[in-house]
Amino acid sequence: MKTRQIFTWVAILAVLVPSMTFAQNSEARFGTDSATCVINLSLYREFAKQKNYKDAYKPWKWVYHNCPRAMQSIYLDGLRIMDSRLQHEKNVEKRNHTIDTILMIYDGRIKYFPVNTSTGKSQEGYLLGRKGMDAFLYRQDKPEEAFNILKSAVEIDGKETPIDVMQFYFNSVVAMVQKGSVDKSAIVDVYDQLSEMLENSINAETDSTVLNELYFARNNVENLFEPFATCEDLVSIYRPKFDASPNDLSLLKKITKIFSKKTLKKSTPIKVTKGMSPKEAVSIMGNPKSVSNNSNNETVYFYEGSELFFKNGLLDFWREDAKASLQDCTNDELFYLATENLHKLEPSANSAYLMAIKNMKEENYPQAIDYLKEALSLYDTKDKKARAHYLLGSIYLNQRNYSAAKAAALKVLELKPNDGSALILIGDAYAVGAASCGDNELTKKAAYWASVDKYIQAKRVDPSVLEIAEKRISSYSQYYPTTETIFFHGLKEGDSYRVECWINETTTIRAAK
């Protein structure tokens with residue numbers, strides 16, 4: 001529509017408006033001068049439709065100041081108009097004024113349109129999130145302003161907080177620390193808050209697109225957190241707080257959680273299994289760096305130091321070329337002290353498990369076993385129960401209680417049938433305890449056959465243990481009986497053989513090479 005046509009139309013409207021607006025109780029919506037409000041409203045909207053934001057500005061400004069309740073689109077259009085002015089403005093003072101107006105537009109919308117008309121729900125948290133993001137982008141030298149706005153948005157929306165708002169929230173606290181306006185503990189606090197929110201959202205989400213966005217956000221937060229999260233940093237932040245309040249329950253939970261998370265992130269082996277869907281595999285590995293298809297029509301997910309190869313929509317095989325450096329913050333005395341105090345004040349499955357780790361590292365194995373049994377009686381999820389059974393089996397193996405180690409590993413496999421680590425544990429128990437199940441040169445070595453069987457099974461069902469399984473196979477197959485020994489006992493290679501004692505496995509006779 002041409003400018004002349006716009007003004008002609010507005011002139012006609014000016015004659016009709018008084019009767020129209022009076023009937024609609026216009027003062028509440030269109031202000032004290034409803035006729036002028038409707039005219040300016042129509043005028044600026046026509047200019048805005050043509051993306052003529054320069055001419056739209058003055059009538060929009062009049063509407064914004066004189067009839068702010070007219071309609072919600074005033075605020076949506078206002079952001080577009082002011083953004084256009086900001087892009088073309090070079091004067092620093094005028095730019096700052098324009099940014100003030102942009103942030104003020106969000107406040108106006110919150111004041112006059114606090115409820116989303118399409119959903120009937122409050123939109124205050126959402127609008128604060130948008131305002132905080134703009135504040136961070138437009139005023140990068142003042143991250144404190146953005147942080148405070150975004151903090152309010154997260155507190156209001158909680159688990160409903162948009163993913164991009166979470167990321168900007170973390171970016172703003174990092175910027176504050178880099179600027180020196182707050183210490184590193186602020187980053188740890190926000191990381192603790194957001195990592196839990198993201199983890200809960202990932203566990204609850206079913207849409208693959210949203211899930212990938214959540215993984216991407218989680219990885220971004222982890223990567224930003226990493227430089228500020230050495231064990232030394234965590235100790236320097238939390239030791240003074242612990243010394244001042246050693247029985248502060250919320251503080252103890254935070255210390256044990258952050259220290260454990262730092263350790264688990266670095267040291268827990270990645271376990272992906274052939275036949276998994278991309279969603280299942282990504283839920284373990286995190287968001288891939290990139291995705292591509294090779295000439296065999298296989299999808300390849302590239303990670304940092306790892307690759308997942310999918311064929312026909314399922315995981316075909318996995319390769320890891322590099323290992324993340326390990327950093328175990330649970331070795332620090334502060335973790336031990338906090339864990340002990342937490343378990344005294346509020347015993348739980350998790351605190352019992354942490355106490356077991358503490359006692360393991362102190363080589364107090366009987367006490368560690370008791371704590372693990374306590375944790376197992378309290379845990380209510382398969383993964384956590386499996387983790388505790390595996391640790392229990394590892395302790396039994398260390399104590400040369402081979403049958404108990406096997407029993408614990410079998411409990412893991414009941415919960416997670418394709419857990420390669422549990423099969424490795426059984427194989428290790430057979431190999432280390434081989435001599436206890438025989439009284440001659442053949443029977444004392446027969447358990448190595450059963451041991452290698454477990455390693456072969458482990459690498460077949462769980463690619464994450466491929467490397468360790470192959471090393472065990474190479475090592476322990478050297479201890480097979482010789483061809484002469486097998487012949488001497490009236491046996492031959494390739495036949496079945498029953499390993500008795502506590503092992504009770506049927507295996508295949510093989511000779512050492």
Side-chain angles (χ1 to χ4, degrees), residues 267-278 280-285 296 298-324 326 382-383 386-387 389-391 393-394 397 402 405-434 445-480 493-494 496-497 499 503-513:
S267 60
T268 300
I270 296 167
K271 297 178 182 177
V272 287
T273 306
K274 185 172 182 177
M276 276 186 173
S277 67
E280 291 172 314
V282 167
S283 71
I284 295 169
M285 296 288 288
N296 296 322
E298 296 172 340
T299 303
V300 183
Y301 286 68
F302 294 96
Y303 294 82
E304 189 172 350
S306 308
E307 296 170 82
L308 300 183
F309 293 79
F310 288 85
K311 190 173 185 179
N312 299 323
L314 296 174
L315 181 63
D316 191 36
F317 69 95
W318 166 79
R319 184 172 71 220
E320 185 178 23
D321 298 321
K323 303 286 185 183
L326 303 182
K382 285 186 177 182
D383 283 348
R387 181 181 67 171
H389 278 302
Y390 178 80
L391 191 58
S394 300
L397 180 61
Y402 308 121
K406 176 183 177 180
L410 289 173
K411 288 288 187 182
V412 176
L413 292 170
E414 286 178 16
L415 298 163
K416 301 175 70 177
N418 292 325
D419 191 307
S421 295
L423 290 165
I424 296 287
L425 181 59
I426 295 174
D428 288 349
Y430 289 175
V432 179
K445 293 186 174 183
Y448 291 114
W449 296 327
S451 173
V452 170
D453 289 345
K454 294 301 177 185
Y455 300 140
I456 292 171
Q457 183 184 358
K459 73 173 186 175
R460 185 176 68 247
V461 302
D462 189 349
S464 72
V465 301
L466 176 64
E467 184 179 344
I468 191 170
E470 288 183 341
K471 285 182 178 178
R472 294 283 208 284
I473 291 168
S474 175
S475 176
Y476 288 121
S477 60
Q478 298 177 48
Y479 296 103
Y480 290 165
E493 291 185 62
S496 294
Y497 181 89
V499 182
I503 294 176
N504 291 316
E505 293 271 7
T506 298
T507 184
T508 302
I509 296 172
R510 283 152 282 181
K513 303 299 182 184

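The structure displayed is predicted, hence computed values, not measured ones. Position 1 is the first residue of the sequence; numbering continues from there.
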Checklist entry - Do you know the tightest heavy-atom contact between Tyr402 and Gly433? => result CE1-CA, 3.5 Å
Checklist entry - In Å, rounded to the nearest 0.5 Å, how long is the span from NZ of Lys445 to CD of Gln478? => result 11.0 Å
Item to check | Non-hydrogen atoms of Lys513 and Glu493 that approach each other most closely | outcome: NZ-OE1, 4.0 Å
Checklist entry - Taking everything shown except Tyr479 itself, do over 12 heavy atoms lie less than 6.0 Å from its OH? => result no
Checklist outcome for this item: Closest non-hydrogen atoms of Ala458 and Gly420, given as atom of the first, atom of the second and distance, are CB-O, 3.7 Å
Checklist entry - What's the verdict on side chain to side chain contact (heavy atoms under 4.5 Å, CB included) for Trp449 and Thr508, showing C-alpha distance, side-chain angles and the deciding distance? => result CA-CA 7 Å; Trp449 296 327; Thr508 302; over 6 Å; no
Checklist entry - So do the side chains of Tyr455 and Tyr476 get within less than 4.5 Å of each other, counting heavy atoms only? => result yes
Checklist entry - At their closest point, which heavy atom of Leu425 faces which heavy atom of Ala405, and how far apart are they? => result CD2-O, 4.2 Å
Next on the checklist: I need the minimum non-hydrogen distance between Ala386 and Leu415, along with the two atoms involved.
Outcome noted: N-CD1, 3.5 Å
Item to check | Distance in Å, Tyr448 OH paired with Thr507 OG1, rounded so as to fall on 0.5 Å steps | outcome: 14.0 Å
Checklist entry - Going from CG on Asp462 to CG on Asp419, what distance comes out if it is rounded to the nearest 0.5 angstrom? => result 6.5 Å
Item to check | Arg472 and Ile424: CA distance, side-chain angles, deciding distance, side chain to side chain contact (heavy atoms under 4.5 Å, CB included) verdict | outcome: CA-CA 9 Å; Arg472 294 283 208 284; Ile424 296 287; 4.1 Å; yes
Item to check | CA sep, side-chain torsions, deciding dist, call: Tyr430, Lys406, side-chain hydrogen bond (donor to acceptor under 3.5 Å, both in side chains) | outcome: CA-CA 9 Å; Tyr430 289 175; Lys406 176 183 177 180; 2.9 Å; yes
Next on the checklist: How long is the straight-line distance from NZ of Lys454 back to CD1 of Ile426, given to the nearest 0.5 Å?
Outcome noted: 5.0 Å
Checklist entry - Can you tell me how far the CD1 atom of Ile473 sits from the CD1 atom of Ile468, to the nearest 0.5 Å? => result 11.5 Å
Item to check | Separation between NZ of Lys411 and CG of Leu413, rounded to the nearest 0.5 Å | outcome: 12.0 Å
